[in-house]
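Here's the structure we're looking at; comments come further down.
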Amino acid sequence: VQLQASGGGLVQAGGSLGLSCTASGTILMTDIMGWYRQAPGKERELVADISLGGSTNYAASVKGRFTISRDNAKNTVYLQMNSLKPEDTAVYYCCAYMSTTEWGRPSYRDYWGQGTLVTVSS
């Protein structure tokens, strides 16, 4: 089971970027999916997450600018980022809590994508 993120890049302040992250492998159920970010010299922080039923949660710093969504049929989570600011510059990681089988036994834990860099220039 793995998460593959894509969509990062360089954008000017005020611009927009979209991220996507797809889970693949033998997945029984994908529960909460979310995005975290880590800026240089800072701790990783939650950006937004979304439940299986579609309930969303956002960090105060991105509320109103970012939108998280998911396609359950595709095991994919998206993050649309608008009105980007230089302080949004970070490596963005997707995360998903999933039910899978490991070593023939059911497992429920978090899985992480490889991270994608978002750079916002002023």
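A quick note: this is a predicted structure, and the numbers were derived from the prediction, not measured. We use all heavy atoms of the structure for the numbers below, so side chains are in, but hydrogens, waters and symmetry mates are not.
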Arg65/Asp88 under side-chain contact (heavy atoms from CB on, under 4.5 Å): CA gap, chis, key distance, verdict = CA-CA 11 Å; Arg65 300 187 297 121; Asp88 294 318; 2.7 Å; yes

task = May I have the step-by-step check of side-chain contact (heavy atoms from CB on, under 4.5 Å) for Asp110 and Met98, ending in yes or no?
result = CA-CA 6 Å; Asp110 58 331; Met98 293 186 285; over 6 Å; no

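With a 4.5 Å cut-off on side-chain heavy atoms, Leu79 and Tyr92 count as touching. Between Met33 and Tyr78 there is no side-chain heavy-atom pair separated by less than 4.5 Å. Considering only heavy atoms from C-beta on, Phe66 comes within 4.5 Å of Val47 through its side chain. Between Trp112 and Cys94 there is no side-chain heavy-atom pair separated by less than 4.5 Å. The shortest side-chain heavy-atom distance between Thr100 and Tyr111 falls under the 4.5 Å cut-off. Using a 4.5 Å cut-off on side-chain heavy atoms (C-beta onward), Trp35 and Val77 make contact.
Figure legend: cation-pi geometry between Arg37 and Tyr93 absent, as NZ or CZ is not positioned both under 6.0 Å from the six-membered ring centre and within 45° of its axis.
Under the 3.5 Å distance criterion, with hydrogens and angles disregarded, no donor-acceptor pair is assigned to the side chains of Gln80 and Thr67.
Atom CG of Leu28 and atom OG1 of Thr101 lie 6.0 Å apart (nearest 0.5 Å). Atom CZ of Arg70 and atom CD1 of Ile50 lie 6.0 Å apart (nearest 0.5 Å). Atoms CD1 and CG, from Ile68 and Asn57 in turn, are 9.0 Å apart once rounded to the nearest 0.5 Å. For the atom pair CZ of Arg109 and OH of Tyr97, the computed distance is 11.0 Å after rounding to the nearest 0.5 Å. Here SG of Cys21 is found 4.5 Å from CG of Leu3. Values are rounded to the nearest 0.5 Å.
Residues that satisfy the salt bridge (Lys or Arg N to Asp or Glu O under 4.0 Å) test with Glu87, not counting sequence neighbours, are absent from this structure.
The backbone N or O of Pro106 lies less than 3.5 Å from no partner atom in the side chain of Glu102, so there is not a single donor-acceptor pair.
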Contacts table for residues 113-122: side-chain donor-acceptor under 3.5 angstrom, sequence neighbours left out:
residue: Gln114; atom: OE1; partner: Ala5; partner atom: N; Å: 3.2
residue: Gln114; atom: NE2; partner: Ala5; partner atom: O; Å: 3.0
residue: Thr116; atom: OG1; partner: Gly8; partner atom: N; Å: 3.2

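Residue pairs meeting the side chain to side chain donor-acceptor pair (under 3.5 Å) criterion with at least one member in residues 7-33, sequence neighbours excluded: Ser6-Ser20, Ser16-Asn82, Thr22-Thr76, Thr30-Asn75, Asp31-Tyr108.
Under the 4.5 Å side-chain heavy-atom criterion for Ile, Leu, Val, Met, Phe, Trp and Tyr, Tyr58 and Tyr36 are members of distinct hydrophobic clusters.
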